[in-house]
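The residues of the chain are indexed from 1 along the displayed sequence. The shown structure was predicted, so the numbers you read here are calculated from the model rather than taken from an experiment.
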Amino acid sequence: SGISMSAARVERLITEVPPLPVSLSSMLKAALPFGPSDEEEAAEVAGTAAVEEVAGCQGRKVALVAHSAAGWISRLYLSDRSHYGKAFCGSKLVESLVTLGTPHHVEAGPTVGHVARANADGGELPDGVDCLTVASTGTKGDASAFARMSYHICEGFKDVTGFDGDGVTTVDSALGVPGADRIVLN
């Protein structure tokens, strides 16, 4: 645990590139196949248009900052592989991705298939995109029924009492992007 990258690299990732917070609703509706609708089409346009607009105005690539599920959804967006019939190729506009408490590894619950797709199709980070995964400690799996249930989503139906995390996502799940830099906050 702890920081596995230099402080200078962290500073560059979060200060030298214009940050763009990722809206979960727009990215979720853009990346997942819940059926076509005018609302979803508008959300897809809004999510991708926001990245395009910021990158265009700045004249350079942007940094995506994503919390929770928006982190693995952003990985689908960055990929040049087809996801649910569409390749977003977001890596052309994005220099770095920072994920905060994102469940990059899921064993149970309704998102299992979608996270598995992000790991299989977009698991490898695109060339030219840096990724920083951030996890936190301080809540063991036996701290509450909510933490226990949440950790079961990340780790499956095994004893999670010894797992640590933020109360929703285990440290192992939050750091589960191959090739990404990692920070664990205590």
Atom CZ in Phe163, atom OG in Ser150: separation rounded to 0.5 Å?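 Here the interatomic distance stands at 14.0 Å.
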Nearest-0.5 Å distance, CG of residue Leu175 to CG of residue Asp181: 11.0 Å
Cluster check [X], [Y]: I/L/V/M/F/W/Y, side chain < 4.5 angstrom:
{"X": "Phe88", "Y": "Leu93", "answer": "yes"}
{"X": "Ile153", "Y": "Met149", "answer": "no"}
{"X": "Ile183", "Y": "Val65", "answer": "yes"}

Can you confirm whether [X] sits close enough to [Y] that some side-chain heavy atom of one is under 4.5 Å from a side-chain heavy atom of the other?
{"X": "Thr169", "Y": "Thr102", "value": "no"}
{"X": "His105", "Y": "Asp172", "value": "no"}
{"X": "Thr137", "Y": "Leu185", "value": "no"}
{"X": "Val184", "Y": "Val171", "value": "yes"}
{"X": "Val134", "Y": "Val98", "value": "yes"}
{"X": "Val168", "Y": "Phe146", "value": "yes"}
{"X": "Thr139", "Y": "Tyr151", "value": "yes"}
{"X": "Cys131", "Y": "Thr133", "value": "yes"}

Are the side chain of Asp130 and the backbone N or O of Ser96 linked by a donor-acceptor pair below 3.5 Å?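 A pair under 3.5 Å: no.
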Would you check if the side chain of Arg148 reaches a backbone N or O of Asp142 as a donor-acceptor pair within less than 3.5 Å?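 Not confirmed, Arg148 side chain does not pair with Asp142 backbone.
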For [X] and [Y], work out which heavy atoms get closest and say how close.
{"X": "Leu76", "Y": "Ala118", "value": "CD2-CA, 3.5 Å"}
{"X": "Ala147", "Y": "Lys140", "value": "CB-O, 4.0 Å"}
{"X": "Ser136", "Y": "Asp166", "value": "OG-CB, 3.1 Å"}
{"X": "Cys154", "Y": "Pro103", "value": "SG-CB, 4.3 Å"}
{"X": "Ser91", "Y": "Lys61", "value": "O-NZ, 3.2 Å"}
{"X": "Glu155", "Y": "Ser173", "value": "OE2-N, 4.1 Å"}

Step by step, work out the side chain to side chain contact (heavy atoms under 4.5 Å, CB included) result for Leu97 and Arg75. CA-CA 8 Å; Leu97 170 64; Arg75 290 172 44 223; 3.8 Å; yes
With a 3.5 Å cut-off and no angle check, do the side chains of Thr99 and His104 form a donor-acceptor pair?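 Yes, because at least one side-chain N or O of Thr99 sits under 3.5 Å from a partner of the opposite role on His104.
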Is there a donor in the side chain of Asp159 and an acceptor in the side chain of Thr161, or the other way round, less than 3.5 Å apart?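 Their side chains do contain a donor-acceptor pair, which is all the 3.5 Å distance test asks for.
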Can you classify the ring geometry of Trp72 versus His114 as parallel (below 30°), tilted (30 to 60°) or perpendicular (above 60°)? parallel
Show the numbers, then the answer: is there a side chain to side chain contact (heavy atoms under 4.5 Å, CB included) between His67 and Leu100? CA-CA 5 Å; His67 174 250; Leu100 307 169; 4.2 Å; yes
